[in-house]
Amino acid sequence: MSNPSILILPGDGIGPEVMAEVRKVIDWYGAKRDLAFDVSEDLVGGAAYDKHGVPLADETMAKAQEVDAVLLGAVGGPKYDVLDFSVKPERGLLRLRKEMDLFANLRPAQCFDALADFSSLKKEVVAGLDIMIVRELTSGVYFGEPRGIFEEGNERVGINTQRYTESEIERAARAAFELAMKRNKKLCSMEKANVMESGILWREVVTRVGEEYPEVELSHMYADNGAMQLVRAPKQFDVIVTDNLFGDILSDCAAMLTGSLGMLPSASLGAPMANGRPKAMYEPVHGSAPDIAGQGKANPIACILSFAMALRYSFDQGDEATRLETAIEKVLADGVRTADLMGPEGGTPVSTSEMGDKIIEALDASL
Ligand code: NAD
């Protein structure tokens, strides 16, 4: 059987720097765990624009459709701010999400003990936090029609439409229940069924899908209360499922409970392919960080944790994903820090590649 395939799209700014550290980890799995991947690499974002005049070439899109998983670094940078909207680096990312139909966005918010002091909340509220937000990614108010700015009488009106079909809700809910089954069998669905018809339908469909998962304890919460509860007592949650708009806001809120942007991974999953694996793209939450690009200061952990998610959700290697997460936890517990993780007590930060090397050392020690 051939090896599972990965397409790496490093992108712009710190993207290539953090991705170089992921390459070390991928190579380690091939050499030390007999888990080899067929890795290819291509351009996205500004880098693709510079070469092809578009932020994602058709051939790259075709490759992304064929591989078992796409790993993306980050796109964008001040150099490209002047470009027309249609060829901005971010359009490359949106094209990937849209054409791969990646409808479930998984955003973990996990607080490593060694970094609990970085949260804006009290240490005891966040220490040990481990929640997963599943955000519906391809429908809802960001896509619904009609949309636009229209003339109405003697003034203008801005319109966006929240629209969800039952099947769109159902597939997002199913992704969340499947995740809950692999975690602590607890799922909270968030909407505003008190004021929105789409919320009423959302609640109905999630409840119906839940009948297929009797082991999962399902609860419902209004999204505004959900925001309060995430800040008040986030550890009450395990998996949260919500729509595109609320998910956008709630996942950013939950993520920041854990401290640095340099630590946050994400996965976007679509329907299963012929080999049973979901269409999938994994990427750090952060952007291309032009302010520190090219200086060896970027924290590669978000990107490496995104690869850990690929191990778990695309390659069915949950134990190896845990090995990698534990290695990262150990490196942090040993006090190894990139510049973004330096506390007020100071110290000497390690570079991007030194952080990658420390993680490889911890992986070696795990054998
Ligand atoms: P950003 O995430 O790039 O940076 C925000 C701040 O966090 C910066 O100070 C940066 O130095 C720091 N930071 C981010 N990642 C870090 C890491 N791994 N290690 C250490 N520090 C890190 O967001 P921004 O500055 O708003 O945007 C910069 C560019 O990135 C823009 O062109 C934007 O459009 C693009 N962007 C891309 C994505 C993506 O590719 N998914 C996401 C957000 C922003």
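Start at 1 and go down the list; that is how both ligands and their atoms are numbered. Scope of the values below: all heavy atoms of this structure, side chains included, with no hydrogens, waters or symmetry mates.
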Worksheet item: Do Phe37 and Phe315 have ring centroids that are under 6.0 Å from one another?
Response: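 Under 6.0 Å, so yes.
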
Atoms in ligand 1 with a heavy atom of [X] nearer than 4.0 Å:
{"X": "Ile14", "answer": "15 (N), 16 (C), 17 (C), 18 (N)"}
{"X": "Glu283", "answer": "41 (N)"}
{"X": "Glu90", "answer": "32 (O), 33 (C), 34 (O), 35 (C)"}

Worksheet item: More than 12 non-hydrogen atoms from neighbouring residues, nucleotides or ligands closer than 6.0 Å to NZ on Lys98, yes or no?
Response: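 No, NZ of Lys98 has 12 or fewer neighbouring heavy atoms, counting only those of other groups under 6.0 Å.
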
Worksheet item: How about Glu145: does its CD atom have over 12 heavy atoms from other parts shown lying under 6.0 Å from it?
Response: yes

[Y] and [X], any side-chain heavy atoms less than 4.5 Å apart:
{"X": "Trp28", "Y": "Arg23", "answer": "no"}
{"X": "Leu218", "Y": "Val206", "answer": "yes"}
{"X": "Gln229", "Y": "Gln236", "answer": "yes"}

Counting only non-hydrogen atoms of the protein, does one fall under 4.0 Å from [atom]?
{"atom": "atom 27 (O) of ligand 1", "value": "no"}
{"atom": "atom 18 (N) of ligand 1", "value": "yes"}
{"atom": "atom 41 (N) of ligand 1", "value": "yes"}
{"atom": "atom 15 (N) of ligand 1", "value": "yes"}

With nothing but distance in play, are any N or O atoms of [X] less than 3.5 Å from an N or O of ligand 1?
{"X": "Lys297", "result": "no"}
{"X": "Gly76", "result": "no"}
{"X": "Pro284", "result": "no"}

[X] with [Y]: basic N within carboxylate O range, under 4.0 Å:
{"X": "Arg208", "Y": "Glu170", "answer": "yes"}
{"X": "Arg97", "Y": "Glu283", "answer": "yes"}
{"X": "Asp50", "Y": "Lys79", "answer": "yes"}

Worksheet entry | side-chain contact (heavy atoms from CB on, under 4.5 Å) assessment of Ile26 paired with Leu71 | CA-CA 11 Å; Ile26 294 175; Leu71 292 185; 4.0 Å; yes

Contact partition for [X] relative to ligand 1, non-hydrogen atoms under 4.0 Å:
{"X": "Leu72", "value": "neither"}
{"X": "Asn299", "value": "both"}
{"X": "Pro78", "value": "neither"}
{"X": "Asp340", "value": "side chain"}

Among all protein heavy atoms, pick the one closest to [atom] and tell me residue, atom and distance.
{"atom": "atom 25 (O) of ligand 1", "value": "Pro290 CD, 4.6 Å"}
{"atom": "atom 29 (C) of ligand 1", "value": "Ser288 OG, 3.2 Å"}
{"atom": "atom 6 (C) of ligand 1", "value": "Leu261 CD2, 4.3 Å"}
{"atom": "atom 11 (O) of ligand 1", "value": "Asp291 OD1, 2.8 Å"}
{"atom": "atom 35 (C) of ligand 1", "value": "Val75 O, 3.2 Å"}
{"atom": "atom 44 (C) of ligand 1", "value": "Gly287 CA, 3.6 Å"}
{"atom": "atom 13 (N) of ligand 1", "value": "Ala289 CB, 4.0 Å"}
{"atom": "atom 32 (O) of ligand 1", "value": "Gly77 N, 3.2 Å"}

Discussion item. Could you check whether any heavy atom of Ala302 sits closer than 4.0 Å to an atom of ligand 1, since that is the contact criterion I want to use?
Written reply: no

Discussion item. Any atom of ligand 1 sitting under 4.0 Å from a heavy atom of Val18?
Written reply: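 It does not, in that no heavy atom of Val18 comes within the 4.0 Å cut-off of ligand 1.
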
Discussion item. For the backbone of Val87 and the side chain of Asp84, can you confirm whether one donor and one acceptor N or O come within less than 3.5 Å of each other?
Written reply: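 No: the side chain of Asp84 does not pair with the backbone of Val87.
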
Worksheet item: Can you tell me if Lys297 uses its side chain to pair, donor with acceptor, with the backbone of Ser351 under 3.5 Å?
Response: no

Worksheet item: Going only through I, L, V, M, F, W and Y residues with side-chain contacts under 4.5 Å, is there a path from Ile8 to Val18?
Response: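 Hydrophobic grouping puts Ile8 apart from Val18.
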
Worksheet item: Between Tyr164 and Trp202, how do the two ring planes meet: parallel, tilted or perpendicular, split at 30° and 60°?
Response: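 Perpendicular.
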
